[in-house]
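Step one of this worksheet: look at the structure below.
Both ligands and their constituent atoms are indexed starting at 1 by order of listing. Position 1 is the first residue of the sequence, and the numbers go up from there.
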Amino acid sequence: MALSWNRTIEWDGDSWRERAACRDTDPDLFFPIGTTGQAIDQIREAKAVCRECEVQATCLEFALATNQESGVWGGASEEERKKLRKAWLARQRRAS
Ligand code: SF4
């Protein structure tokens, strides 16, 4: 999956969480320990849930804006979000 982030979403408080596809899944799936072994399968499974989630873009924006360092958010792993956050911060600086 090619991840991209290119817009600013105004999230409406936490109401987007009510539409999260992960609401009824085991939270541990989204917070694997490490990045090898079983964690690889967990990350893959978590991303599969995210792909079906109607609030994926909002979730990713929230994670970037609030610097969520752990877990899978918006279909992005911790490492992927580090890269996306750099672009997000650069965009915020240009906009201000
Ligand atoms: S994008 Fe993924 S982590 Fe975010 S709310 Fe949806 S299912 Fe949960």
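Counting protein heavy atoms only, atom 4 (Fe) of ligand 1 is closest to C59 SG, 2.3 Å. Of the protein's non-hydrogen atoms, A20 CB, 3.4 Å is the one closest to atom 5 (S) of ligand 1. The nearest heavy-atom contact from the protein to atom 8 (Fe) of ligand 1 is C22 SG, 2.2 Å.
Residue C53: an N/O/S atom is found under 2.8 Å from atom 6 (Fe) of ligand 1. At least one N, O or S atom of C50, from either the backbone or the side chain, sits less than 2.8 Å from atom 2 (Fe) of ligand 1.
Within the 4.5 Å cutoff, the side chain of Q38 has no heavy atoms near those of the P32 side chain. When side chains are defined from C-beta on, F30 counts as touching T25, because their heavy atoms get closer than 4.5 Å. Side-chain contact between L64 and L84 is present, with heavy atoms from C-beta onward closer than 4.5 Å.
Side-chain atoms of R81 come within 3.5 Å of backbone N or O of G71 as a donor-acceptor pair. A side-chain donor-acceptor contact under 3.5 Å links E80 to the backbone of S77.
Here V72 has backbone heavy atoms under 4.0 Å from ligand 1, and that is the only part of it that gets that close.
Using the six-membered ring where Trp is involved, F62 and W16 have ring planes that are tilted, between 30° and 60° apart.
Close approach of ligand 1 to G74 is summarised as follows: ligand atoms under 4.0 Å from at least one heavy atom of the residue are 1 (S), 3 (S), 4 (Fe).
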